[in-house]
J.: 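Quick one: the structure is below, and I'll ask about it shortly.
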Amino acid sequence: MKTPLRPWWLLLCGFVLTACAGPQGRAPGRYAQMVDSATSGCLRNPACATQVGEDAVLPWLSRAAARAGQAAAMLRVWEAAEVAHVERVLVECAKQANSDVNERLLGPGRRTTPEVCTEKVLDASGREVTRAMQLGETKHAAALECVQRVLGATDAGRFSVEPRYLKDATTGRTRWLEPEEVARWLQDGQFYLLAGSIVPDVVLHALGNPLKVQRVYDFKFPCPVTNPPSWSFYPPGHPFANSTQETAYRELLGRELTPRTVSPNVGVM
């Protein structure tokens with residue numbers, strides 16, 4: 001029977017424990033030489049000037065371990081149980097936003113009906129819009145704030161709320177646009193730079209890397225709420241004209257992805 005190979009980290013730990021056995025080990029002379037050499041080296045290196053004696057035996061080891069830990073964290077994927085938890089949070093946020101906004105804008109106990117949804121109202125900027133548009137935008141904002149608050153407390157860096165992606169015209173590759181860059185373009189009136197970009201509501205991705213996408217979700221608040229949720233079509237003149245949001249998301253983020261809708265009555269679809 002072959003002896004199973006030991007994981008590299010067990011061998012490394014055994015080496016470190018042996019090296020750190022100190023004067024009580026079997027080779028005190030060699031240990032002392034290691035300490036002296038490391039200490040002398042650190043005294044000549046300002047970067048580890050605070051490391052002396054035993055702390056300076058293998059100064060690279062802690063740095064290597066830290067880098068390995070960071071790499072492992074960045075490669076970590078969302079497990080099925082974690083995704084299920086996130087989807088429960090999304091549905092609860094959708095339900096809470098739907099209830100709170102209806103009560104605030106329609107009044108206690110009132111629900112959306114076809115008549116309510118077609119009413120004309122003024123939005124925050126004074127434009128005349130349908131009640132359905134007003135409710136949808138307000139509920140979206142409330143749901144996204146809920147997601148940021150709940151998931152941000154436990155999974156910061158592993159998800160993004162309303163990230164913006166754009167296909168680079170030169171390389172053909174998808175870019176993630178930093179919020180500061182987008183804000184600067186908008187402030188300067190350079191709206192054309194955002195043509196063809198997409199903005200999913202919630203994206204689950206690798207730690208610190210919004211381009212390593214694993215799940216994509218969009219909130220939908222049909223009006224009336226009894227209507228089934230559906231993907232919106234892009235208008236004529238848009239780079240994705242006559243295509244749905246789902247199609248655009250898959251085009252830029254990966255055809256293997258299955259973007260999901262989240263609504264208060266149906267949940268995740």
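Throughout, residue positions are numbered sequentially from 1 according to the sequence presented.
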J.: Judged by modelled atom types alone, do D123 and S125 share a side-chain donor-acceptor pair under 3.5 Å?
T.: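 There is such a pair (donor and acceptor under 3.5 Å, judged by atom type) between the side chains of D123 and S125.
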J.: Filter on side chain to side chain donor-acceptor pair (under 3.5 Å), then keep only pairs touching residues 253-262, sequence neighbours left out; what's left?
T.: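 Side chain to side chain donor-acceptor pair (under 3.5 Å) check on residues 253-262 returns E251-R255.
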J.: Can you name the side-chain hydrogen bond (donor to acceptor under 3.5 Å, both in side chains) partners of R173, sequence neighbours left out?
T.: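 Testing R173 for side-chain hydrogen bond (donor to acceptor under 3.5 Å, both in side chains), a comparison that skips the adjacent residues, returns none.
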J.: Can you name the one residue among L90, V216, V89 that meets side-chain contact (heavy atoms from CB on, under 4.5 Å) with V202?
T.: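 Passing option: L90.
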J.: Can you list everything that forms a side chain to side chain contact (heavy atoms under 4.5 Å, CB included) with V182? Sequence neighbours excluded, please.
T.: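 Side chain to side chain contact (heavy atoms under 4.5 Å, CB included) list for V182, sorted by chain: R164, L177, L186, L194.
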J.: Return the set of residues passing side chain to side chain contact (heavy atoms under 4.5 Å, CB included) with C117 (not counting sequence neighbours), or none when no residue passes.
T.: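 C117: side chain to side chain contact (heavy atoms under 4.5 Å, CB included) contacts with T112, A132, C223, P224.
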J.: Please, which pairs that meet disulfide bond (SG atoms under 2.5 Å apart) have at least one residue in residues 169-211, sequence neighbours excluded?
T.: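 Output for this query is empty, none listed.
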J.: By the side chain to side chain donor-acceptor pair (under 3.5 Å) test, which pairs, at least two apart or in different chains, include something from residues 224-241?
T.: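 Checked against side chain to side chain donor-acceptor pair (under 3.5 Å) - neighbours excluded - no pair reaches residues 224-241.
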J.: Holding to side-chain hydrogen bond (donor to acceptor under 3.5 Å, both in side chains), I want the full list of residues that pass it with Q148, two or more places apart in sequence or in another chain.
T.: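 Partners of Q148 by the side-chain hydrogen bond (donor to acceptor under 3.5 Å, both in side chains) criterion come out as none, since no residue qualifies.
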J.: Looking only at heavy atoms, which two atoms of G196 and F240 are closest? And how far apart?
T.: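 Of all heavy-atom pairs spanning G196 and F240, the closest is O-CE1, 3.5 Å.
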J.: Listing request: all salt bridge (charged side-chain N to carboxylate O under 4.0 Å, His left out) pairs with a residue in residues 202-229, at least two apart in sequence or in separate chains.
T.: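 Every salt bridge (charged side-chain N to carboxylate O under 4.0 Å, His left out) pair that includes a residue of residues 202-229, provided the two are not neighbours, is D218-K220.
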J.: List in chain and number order the residues that pass salt bridge (charged side-chain N to carboxylate O under 4.0 Å, His left out) with R175, two or more places apart in sequence or in another chain; answer none if no residue qualifies.
T.: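 Per chain and number, R175 pairs via salt bridge (charged side-chain N to carboxylate O under 4.0 Å, His left out) with E181.
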J.: Using the test side chain to side chain contact (heavy atoms under 4.5 Å, CB included), find all partners of D188 that sit at least two apart in sequence or belong to another chain.
T.: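 Counting only residues at least two positions away or on another chain, D188 forms a side chain to side chain contact (heavy atoms under 4.5 Å, CB included) with R184, Q190.
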J.: Mark yes or no for whether T174, through its side chain, and L252, through its backbone, hold a donor-acceptor pair below 3.5 Å.
T.: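 Looks like yes, one N/O pair under 3.5 Å.
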J.: Hey, what do you get for CD (E79) to CD (Q214), rounding to the nearest 0.5 Å?
T.: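 Rounded to the nearest 0.5 Å, the CD-CD separation comes to 9.0 Å.
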J.: When the side chains of residues 100-107 are checked against the rest of the protein, which donor-acceptor pairs come out under 3.5 Å, sequence neighbours left out?
T.:
unit_1, atom_1, unit_2, atom_2, d
D100, OD1, Q96, NE2, 2.9
D100, OD2, Q96, NE2, 3.1
N102, OD1, K139, NZ, 3.0
N102, ND2, N98, O, 3.3

J.: Restricting to ring-ring contact (aromatic ring centres under 6.0 Å, His included), what partner residues turn up for H140, sequence neighbours left out?
T.: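 ring-ring contact (aromatic ring centres under 6.0 Å, His included) check on H140 returns F221.
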J.: Rounded to the nearest 0.5 Å, how far apart are OH of Y165 and OG of S197?
T.: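 OG of S197 is found 12.0 Å from OH of Y165.
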J.: Working to the nearest 0.5 Å, report the span between SG of C146 and CG of L151.
T.: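 Rounded to the nearest 0.5 Å, the SG-CG separation comes out at 8.5 Å.
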J.: Between E246 and R250, does any side-chain N to carboxylate O distance fall below 4.0 Å?
T.: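 Looking at R250 together with E246, the answer is no, because their closest N to O distance does not fall below 4.0 Å.
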